[in-house]
Q: 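Sharing a structure with you now.
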Amino acid sequence: MKKGIKQLVAEAEAEIETLTVDEAKALVGDPGATLVDLRDVRELERDGAIPGAFHAPRGMLEFWVDPDSPYFKPVFGSGNKFVFFCAAGLRSALATQQVQRMGLEPVAHIAGGFGAWKQAGGPVQAYERPAKPAKPG
């Protein structure tokens, strides 16, 4: 292994903005900020979700962020500040670095992720899968 995960995360954190849980909690409900949950849907179902956070599975993030992608999600064209988080802050550090390199800004991630959020008493709700659109016909 030429470069392990610890080094990758340390390099990412040197390039990106990292918010404390309290700083992130202050952005909940701010119309100029979007919290983005990168966790797998199974993690959301098991552990709950931050109210109002947008779910963007880590594996699709770059495709959802790029306006030239057929998978682009308009939320990422809003001009908001995007605050990414995962379970512990490792995936979100790497994801934040990647989308920042792609040109999405402003971006940050939450130190300690969802685990730190819950431990600090941040609001959590049960995850509800979005309704699938009705099939025509």
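Values reported hereafter were calculated over all heavy atoms of this structure, with side chains retained and with hydrogens, waters and symmetry mates removed.
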Q: Provide the closest heavy-atom pair for Ala87 versus Glu43 in the form atom of the first, atom of the second, distance.
A: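 Nearest pair, atom of Ala87 first, then Glu43: CB-OE2, 3.7 Å.
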
Q: Nearest heavy-atom pair of Ala108 and Leu19: which atoms, and what distance?
A: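 That closest heavy-atom pairing would be CB-CG, 3.9 Å.
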
Q: Any chance you could measure Glu62, atom CD, to Phe76, atom CZ, to the nearest 0.5 Å?
A: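 Between Glu62 CD and Phe76 CZ, I get 10.0 Å after rounding to 0.5 Å.
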
Q: Can you check whether Pro106's main-chain N or O pairs, donor with acceptor, with Glu17's side chain at less than 3.5 Å?
A: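 The answer is no, because no donor-acceptor pair under 3.5 Å joins these two groups.
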
Q: Going from CG on Asp22 to CG on Leu27, what distance comes out if it is rounded to the nearest 0.5 angstrom?
A: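 That separation rounds to 11.5 Å.
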
Q: Say you draw a straight line from CG of Asn80 to CG of Asp30; how long is it, rounded to the nearest 0.5 Å?
A: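 Output value for this atom pair is 8.0 Å.
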
Q: Checking Phe85 against Arg39 for the side-chain contact (heavy atoms from CB on, under 4.5 Å) test, could you report, in this order, the C-alpha distance in whole Å, the side-chain angles of both residues, the deciding distance, and whether it holds?
A: CA-CA 8 Å; Phe85 66 94; Arg39 296 175 300 144; 4.3 Å; yes

Q: Between Trp117 and Pro123 (side chain of the first, backbone of the second, donor and acceptor by atom type, cut-off under 3.5 Å), is there such a pair?
A: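 Yes, Trp117 side chain to Pro123 backbone: donor-acceptor pair under 3.5 Å.
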
Q: With rounding to the nearest 0.5 angstrom, report the CD1 to CG distance, Ile50 to Leu35.
A: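 Between Ile50 CD1 and Leu35 CG, I get 5.5 Å after rounding to 0.5 Å.
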
Q: Give the C-alpha distance, both sets of side-chain angles, the deciding distance and a yes or no for side-chain contact (heavy atoms from CB on, under 4.5 Å) between Leu61 and Gln98.
A: CA-CA 9 Å; Leu61 183 63; Gln98 189 65 26; over 6 Å; no

Q: Of all heavy-atom pairs between Asp47 and Val124, which one has the smallest distance, and what is that distance?
A: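 Nearest pair, atom of Asp47 first, then Val124: O-CG1, 3.9 Å.
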
Q: Can you find a heavy atom in the side chain of His55 that is under 4.5 Å from one in the side chain of Tyr127?
A: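 Yes, side chains in contact.
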
Q: Please find the pair of heavy atoms, one from Glu23 and one from Thr18, that lie closest to each other, and give the distance.
A: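 Residues Glu23 and Thr18, closest heavy atoms: OE1-O, 4.1 Å.
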
Q: Is the distance from the ring center of Phe82 to that of Phe54 below 6.0 Å?
A: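 No, the ring centres sit 6.0 Å or more apart.
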
Q: If you count every heavy atom of other residues, nucleotides or ligands that lies below 6.0 Å from Phe63 atom CZ, does the total exceed 12?
A: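 No, the 6.0 Å shell around CZ holds no more than 12 heavy atoms from other groups.
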
Q: Is there a path of hydrophobic side-chain contacts, each under 4.5 Å between heavy atoms of I/L/V/M/F/W/Y residues, joining Leu94 to Met102?
A: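 No; Leu94 is not reachable from Met102 via cluster members.
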
Q: Let me check something: do Met60 and Val41 share a hydrophobic cluster, defined by ILVMFWY side-chain heavy atoms less than 4.5 Å apart, either directly or through other members?
A: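 No, separate clusters.
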
Q: I need the minimum non-hydrogen distance between Ala93 and Ala12, along with the two atoms involved.
A: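 Looks like O-CB, 3.6 Å.
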
Q: What is the distance from atom CD of Glu13 to atom NE2 of His109, rounded to the nearest 0.5 Å?
A: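 Between Glu13 CD and His109 NE2, I get 4.0 Å after rounding to 0.5 Å.
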
Q: Keeping Glu45 on the side-chain end and Arg42 on the backbone end, is there a donor-acceptor pair under 3.5 Å?
A: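 Between the backbone of Arg42 and the side chain of Glu45 there is no qualifying donor-acceptor contact (under 3.5 Å).
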
Q: Hey, quick one: are Phe114 and Val21 part of the same hydrophobic cluster, counting side-chain heavy atoms closer than 4.5 Å, chains of contacts allowed?
A: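 Yes, Phe114 and Val21 fall within the same hydrophobic cluster.
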
Q: Nearest 0.5 Å, please: how far is CZ in Phe84 from CD in Gln97?
A: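 Spacing of CD (Gln97) from CZ (Phe84) equals 12.5 Å.
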
Q: Do Val107 and Lys81 have side chains that approach each other closer than 4.5 Å (heavy atoms only, starting at C-beta)?
A: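 No, too far: nothing below the 4.5 Å cut-off.
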
Q: Any idea which heavy atoms bring Pro51 and Val28 closest together, and the distance?
A: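 Closest pair (atom of Pro51, atom of Val28, distance): O-CG1, 4.5 Å.
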
Q: Between Glu105 and Arg101, does any NZ, NE, NH1 or NH2 come within less than 4.0 Å of an OD or OE carboxylate oxygen?
A: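 Salt bridge absent between Arg101 and Glu105.
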
Q: Just wondering, do Thr34 and Val36 contact through their side chains at under 4.5 Å, heavy atoms?
A: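 Of all side-chain heavy-atom pairs linking Thr34 with Val36, at least one is under 4.5 Å.
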
Q: Could you check whether any side-chain heavy atom of Ile5 comes within less than 4.5 Å of a side-chain heavy atom of Val9, counting everything from C-beta outward?
A: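 Yes. Closest side-chain heavy atoms under 4.5 Å.
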
Q: Checking Lys73 side chain against Pro67 main chain: does a donor-acceptor pair fall under 3.5 Å?
A: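 No; judged by distance alone, with no hydrogens or angles, the pair does not exist.
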
